[in-house]
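Structure record follows, encoded as structure tokens.
Just the heavy atoms: all of them, side chains too, but no hydrogens, waters or symmetry mates, feed the values below. Proteins get letters first, then strands, A, B, ... in listed order; numbering begins at 1 in each.
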Amino acid sequence: MSGERYDHKEIEAKWQKRWADSGLYKTTEDSGKPKSYVLDMFPYPSGEGLHVGHPKGYIATDIYSRTKRMQGHNVLHPMGWDAFGLPAENFALKNKVHPRVAVEKNIATFKEQLSVIGFNYDWSREINTTDPAYYKWTQWIFLQLFKKGLAYQSNEPINWCPSCMTGLANEDLDGNVCERCGSVVEKRALPQWVLKITAYADRMLTDLDTLRWPEHIKTAQRNWIGRSEGSEIDFKLIGTDKTVRVFTTRADTLFGATFLVLAPEHELVKELSAQIENKDEVEKYVAAAAAKTEIERTNADKEKTGVELKGIKAINPANGEEIPMFVADYVLSGYGTGAIMAVPAHDERDGAFAKKYNIEIRDVISEKFELNGISAERPGVETVHRKVVDPILRDKDNNFYLVKEGPEHVHFAGGGVEEGETDEQTLAREITEETGFTDFTIGRKILPNSTVWAYRHTKNRNQRSVGYAYEVILNSDTRVHSEVEDGKHELVKVPKDKVLETITWPHHRHIFEQYLNQKLFADDGVLVNSGEFDGMTSEEARKAITEKVGGKLTTTYKIKDWVFSRQRYWGEPIPIIHCEKDGAVAVPEDQLPVLLPDVESYEPSGTGESPLANITDWVNTTCPTCGGPAKRETNTMPQWAGSSWYYLRFMDPDNNAALVSKEKEKYWAPVDVYVGGDHAVRHLIYARFWHKFLYDIGAVSTIEPFARLEFLGFILAEDGRKMSKRYGNVINPTDVVNNYGADAFRTYEMFMGPFENTVAWSTASIAGTARFMERVWRLAEKVGNDIPALDVVLHQTIKKVTEDIEAFKFNTAVSQMMIFLNAAEKEGGIGKNQLEMFLQVLAPFAPHITDELWEKLGHTDSIHASTWPSYDESKLVADTVTVAIQINGKVRGSIELGKGATEDEALTAARAVEAVAKYLAEGKEQKAIYVPGKIINFVVV
RNA sequence: GCCGGGGUGAUGGAAUGGUAGACAUAGGGGACUUAAAAUCCCCAGGCCGUAACAGGCCGUGUGGGUUCGAGUCCCACCCCCGGCACCA
């Protein structure tokens with residue numbers, strides 16, 4: 001074969017047709033092979049169509065799934081459409097078409113755009129969330145949630161977007177604005193369906209550990225769930241039978257709680273109004289807080305405000321002291337119990353509030369110094385208390401502070417105060433003994449109301465020392481070293497390397513800020529001013545103090561239940577019927593789906609009612625329970641409903657009896673590799689929630705839906721901005737495929753950089769992979785007998801590509817194939833077997849050109865049905881290798897060595913190299929290091 | 001502020017503690033061509049040095065440290081991106 005031009009258009013059309021005709025990618029379950037379920041986050045078919053950023057993830061899964069199939073797996077790799085929700089509806093409103101029509105058209109456009117890229121989707125499993133046969137099961141899941149009490153009605157104020165004219169979930173907000181349109185949301189009380197996602201908060205958190213997901217996504221989920229362990233503690237109110245329950249994570253600071261704060265919405269503010277002396281003032285404050293917007297309420301920088309509840313005092317259960325009560329809007333009603341105990345000494349916000357209102361600030365926690373993080377405290381060993389003084393030694397010329405670093409601990413250079421000694425005498429003695437410094441001035445006592453703690457250990461016991469710290473300024477760096485002899489310290493001059501403990505001068509912010517600037521200390525530490533708990537660590541004390549005051553350890557979460565109603569047209573109707581007598585009743589399952597009716601006008605009403613409310617003959621129905629007159633629920637589900645379970649439907653898309661059959665679910669679940677970007681919180685948290693629920697009711701067999709997640713970095717426009725019609729910088733994949741070919745396009749997107757990186761598109765760079773395809777084509781024209789010199793790089797390439805695809809490191813896989821091509825070109829040709837193996841590893845990236853060349857080599861079956869090549873370990877290393885020679889770590893030459901060279905042979909050969917010999921002659925060779933195949937390093941002094 | 005991830009040529013990026021800058025793009029030079037495109041060959045981190053070689057020094061955000069050897073490990077700091085944030 002020779003002379004034929006590489007015509008990507010002709011070849012790609014030919015093979016796309018042939019794959020479709022032969023049903024190459026149709027998947028069935030009856031297979032003895034291991035299964036692989038490789039899934040993309042299915043797209044939302046917007047009116048804008050695809051830009052080159054969209055297919056990046058699809059290309060990755062295409063490569064991965066083709067590879068898995070060649071490796072003998074039974075692969076499920078489907079595609080579908082997530083088409084309900086606001087974007088489609090807004091697009092339809094704007095263009096004056098019915099959303100159903102708009103969605104159909106958009107899907108057709110997307111499909112057309114995808115088709116030219118050569119994906120191996122099994123289109124026989126295509127699904128669409130707006131298809132009644134699909135949303136029947138979305139509604140079915142809702143009904144199961146309802147039956148288990150996990151879908152409930154609420155009238156609590158929710159987030160309302162005035163522009164989208166619908167209520168939103170917390171997850172739909174970007175801070176205080178609607179994530180879709182950027183409008184500031186309002187609070188509105190509307191009857192809402194809410195899903196109890198909080199019931200799954202704990203399991204969603206712990207099961208994250210079982211997942212092979214990127215760390216930043218796990219972290220985002222952990223942040224969003226926001227679990228905190230703490231205590232609930234009751235404070236009695238004087239003169240009433242009422243108590244205030246607070247939630248705190250810092251029960252260890254209870255002795256420092258000098259006031260109590262209620263959120264303005266707290267019910268006790270109303271209940272106690274009879275006893276509140278300044279009732280008018282309080283009511284005014286509460287009303288003002290209610291009128292504030294979310295932004296005003298939640299801005300952490302603004303000055304704290306509040307009003308004391310005069311005539312009411314609470315009792316601190318730890319020490320029995322009477323403390324004042326306030327109402328203040330820095331306390332949120334929706335978190336914890338809506339009431340806090342305020343500890344101004346150890347909480348920034350309480351501190352700011354206390355300063356403003358002149359409330360007592362009491363230190364109850366002192367820092368525990370474990371500067372290098374290693375505690376000298378040993379479990380199971382007796383702990384004794386003694387008084388110590390510690391110098392905070394400061395160099396007079398700068399702000400470095402001295403600590404001592406021993407083999408196991410870091411501490412101040414202080415020590416125990418002996419009988420009859422003053423603090424100053426102890427300090428002077430210890431500083432000289434332990435550091436050798438003799439010229440210093442003992443300055444002020446730091447934090448006279450607190451204590452410095454240090455953990456030390458002697459042979460037989462732990463010491464927990466209580467005492468003071470003094471600022472000590474070193475006047476000069478005159479220093480003698482000390483060592484211990486016969487148990488006595490004796491000042492002797494010793495060489496530096498004989499000093500066991502070295503001193504260090506960390507620029508230690510903690511010490512500086514806390515002790516010299518007296519900054520608020522909000523970390524864990526050791527208790528002081530806390531009666532019987534003095535000396536306990538924060539961690540121990542949280543439990544002990546909670547128990548002592550009769551509180552209980554609890555856990556709270558930041559995540560809120562999922563507001564599930566939307567006052568919009570284009571969504572799944574919520575399958576509920578409201579009956580005056582029986583209340584909210586489930587639509588019987590055999591009446592599903594509740595079809596979304598056609599309407600004349602589906603514009604949102606803005607009143608909080610869904611457009612469906614106007615369709616009287618749809619709304620009015622009979623109660624399934626009592627048969628009496630009843631009305632249908634008119635709100636619809638949010639955009640995220642359909643996508644919360646679609647991955648299950650692909651396993652069994654045509655099942656009309658169940659959302660997925662038990663056998664098929666068992667065969668395919670879980671999704672082995674899930675690929676997508678964005679949705680770090682919303683989609684992934686909702687889908688995990690529904691999945692866990694389905695697990696609980698026996699509908700699925702795994703506790704998590706997506707075993708492995710690969711995060712996709714976006715593609716920016718060439719100008720570095722987001723690709724958008726608005727900026728006129730959109731690049732259409734179809735144009736790129738026309739100009740450069742699908743194979744070059746696919747390979748370029750994988751070669752751009754690490755898969756998870758966001759990178760700007762570069763039309764110039766795609767020429768590189770287009771050239772690569774041309775060169776592969778020309779290389780195939782030079783096929784002949786195998787060239788032994790290519791074996792090593794060929795097998796290295798097979799190994800690297802195999803491993804890199806598994807690890808989603810596509811960019812280095814491509815570069816390795818380029819290295820191979822460069823090598824083959826240098827040899828001026830390639831053997832038939834060698835070319836075949838090379839084409840096979842290239843096939844997932846460039847499926848068309850490789851299938852064409854495979855056919856030209858005489859194969860009648862598709863390359864994609866062939867068996868993935870394996871590499872030969874013995875061929876990974878060349879017979880001779882270049883070894884660099886270093887002198888004291890600097891490269892001075894290199895030699896060629898046989899792969900079996902012994903150390904002696906290697907060193908002898910290296911010493912003979914002229915450039916090396918020169919350096920060796922200049923000094924004395926002290927040591928030689930030989931790392932076979934890599935490097936020789938001579939240490940010369 | 002807390003948590004997660006980063007900082008390497010002009011650019012995208014490579015590099016199990018072992019010759020930093022693979023691979024590619026843009027760039028420079030040359031061959032082929034009447035010319036251009038395409039293709040092929042060569043150069044290419046910085047500075048010094050040489051007629052040209054040779055050679056030397058510096059270099060992966062900054063400063064320290066560990067090591068025969070550090071982009072990679074440790075400590076401190078600076079900056080960038082992402083998540084959360086009056087969450088007690």
[X], nearest nucleotide to its side chain (from [options]):
{"X": "A:Ser228", "options": "B:rC68, B:rA88, B:rU19", "value": "B:rA88"}
{"X": "A:Tyr330", "options": "B:rA88, B:rC84, B:rC86", "value": "B:rC86"}
{"X": "A:Phe247", "options": "B:rA88, B:rC23, B:rG18", "value": "B:rA88"}
{"X": "A:Ala764", "options": "B:rA20, B:rU25, B:rC86", "value": "B:rU25"}
{"X": "A:Lys304", "options": "B:rC3, B:rG18, B:rC86", "value": "B:rC86"}
{"X": "A:Ile819", "options": "B:rA24, B:rU25, B:rA22", "value": "B:rA22"}

Which part of the nucleic acid, if any, lies within contact of [X], taking any heavy atom under 4.0 Å across all strands shown: a base, the sugar-phosphate backbone alone, or nothing?
{"X": "A:Ile929", "value": "base"}
{"X": "A:Ala220", "value": "sugar-phosphate"}
{"X": "A:Lys890", "value": "sugar-phosphate"}
{"X": "A:Arg227", "value": "nothing"}
{"X": "A:Phe810", "value": "nothing"}
{"X": "A:Val331", "value": "base"}

### Task
Please list, chain by chain and in numerical order, all residues satisfying side-chain hydrogen bond (donor to acceptor under 3.5 Å, both in side chains) with A:Glu179, sequence neighbours excluded.
A:Arg682

#### Entry: Parallel, tilted or perpendicular: ring planes of A:Phe711 versus A:Phe714, cut at 30 and 60 degrees
perpendicular

### Query
Which word best sums up how the rings of A:Tyr6 and A:Trp777 line up, parallel for under 30°, tilted for 30 to 60°, or perpendicular for over 60°?
tilted

Would you tabulate the nitrogen or oxygen pairs shorter than 3.5 Å linking the protein to nucleotides 38-41 of chain B?
| from | atom 1 | to | atom 2 | distance (Å) |
| --- | --- | --- | --- | --- |
| B:rU39 | O3' | A:Arg778 | NH2 | 3.4 |

Could you tell me if [Y] and [X] have a donor-acceptor pair between their side chains, going purely by distance under 3.5 Å?
{"X": "A:Glu171", "Y": "A:Trp224", "answer": "yes"}
{"X": "A:Thr305", "Y": "A:Tyr357", "answer": "no"}
{"X": "A:Tyr919", "Y": "A:Asn888", "answer": "no"}
{"X": "A:Asn159", "Y": "A:Asn170", "answer": "yes"}
{"X": "A:Asp234", "Y": "A:Thr243", "answer": "no"}

Within 6.0 angstrom of [X] [atom1], more than 12 heavy atoms from elsewhere:
{"X": "A:Glu156", "atom1": "CD", "result": "no"}
{"X": "A:Lys355", "atom1": "NZ", "result": "no"}
{"X": "A:Glu539", "atom1": "CD", "result": "no"}
{"X": "A:Lys809", "atom1": "NZ", "result": "no"}

### Task
Within residues 334-342 of chain A, find the residues that approach RNA chain B with a heavy atom at under 4.0 Å, and present them sorted by residue number.
A:Tyr335, A:Ile340

### Task
Answer syn or anti for B:rG9, where the cut-off is 90° from 0 on the glycosidic torsion.
syn

### Whichever of A:Val681 and A:Arg892 has its nearest RNA chain B nucleotide further upstream toward 5'
A:Arg892

### Message
Pick the closest RNA chain B nucleotide for A:Thr249 and for A:Thr882 by heavy atoms, then say which residue is nearer the 5' end.
### Response
A:Thr882

I'd like a list of close polar pairs between nucleotides 70-75 of chain B and the protein, N/O only, cut-off under 3.5 Å.
none

### Task
Taking the side chain as every heavy atom from C-beta outward, state whether A:Asp743 and A:Phe745 have any pair of such atoms under 4.5 Å apart.
no

### Task
Go through the steps to decide whether A:Thr747 and A:Thr769 satisfy the test side-chain hydrogen bond (donor to acceptor under 3.5 Å, both in side chains), and finish with yes or no.
CA-CA 6 Å; A:Thr747 307; A:Thr769 50; 5.9 Å; no

### Summary
Taking Watson-Crick and G-U wobble contacts under 3.5 angstrom, with | marking pairs to another strand and [ ] crossing pairs, the secondary structure of RNA chain B is written (((((((..(((.....[....))).(((((.......))))).((((......))))..(((((..]....))))))))))))....

### Task
Before accepting this row, confirm whether a basic side-chain N of the pair A:Asp7/A:Lys9 lies closer than 4.0 Å to the acidic partner's carboxylate O.
no

Between protein and nucleotides 6-17 of chain B, what N or O pairs are separated by less than 3.5 Å?
| from | atom 1 | to | atom 2 | distance (Å) |
| --- | --- | --- | --- | --- |
| B:rG12 | O2' | A:Met752 | O | 2.2 |
| B:rG13 | OP1 | A:Asn757 | ND2 | 3.1 |
| B:rA14 | OP1 | A:Asn811 | ND2 | 3.1 |

### Message
Please check this pair: side chain of A:His346 against backbone of A:Thr253, looking for a donor-acceptor N/O pair closer than 3.5 Å.
### Response
no

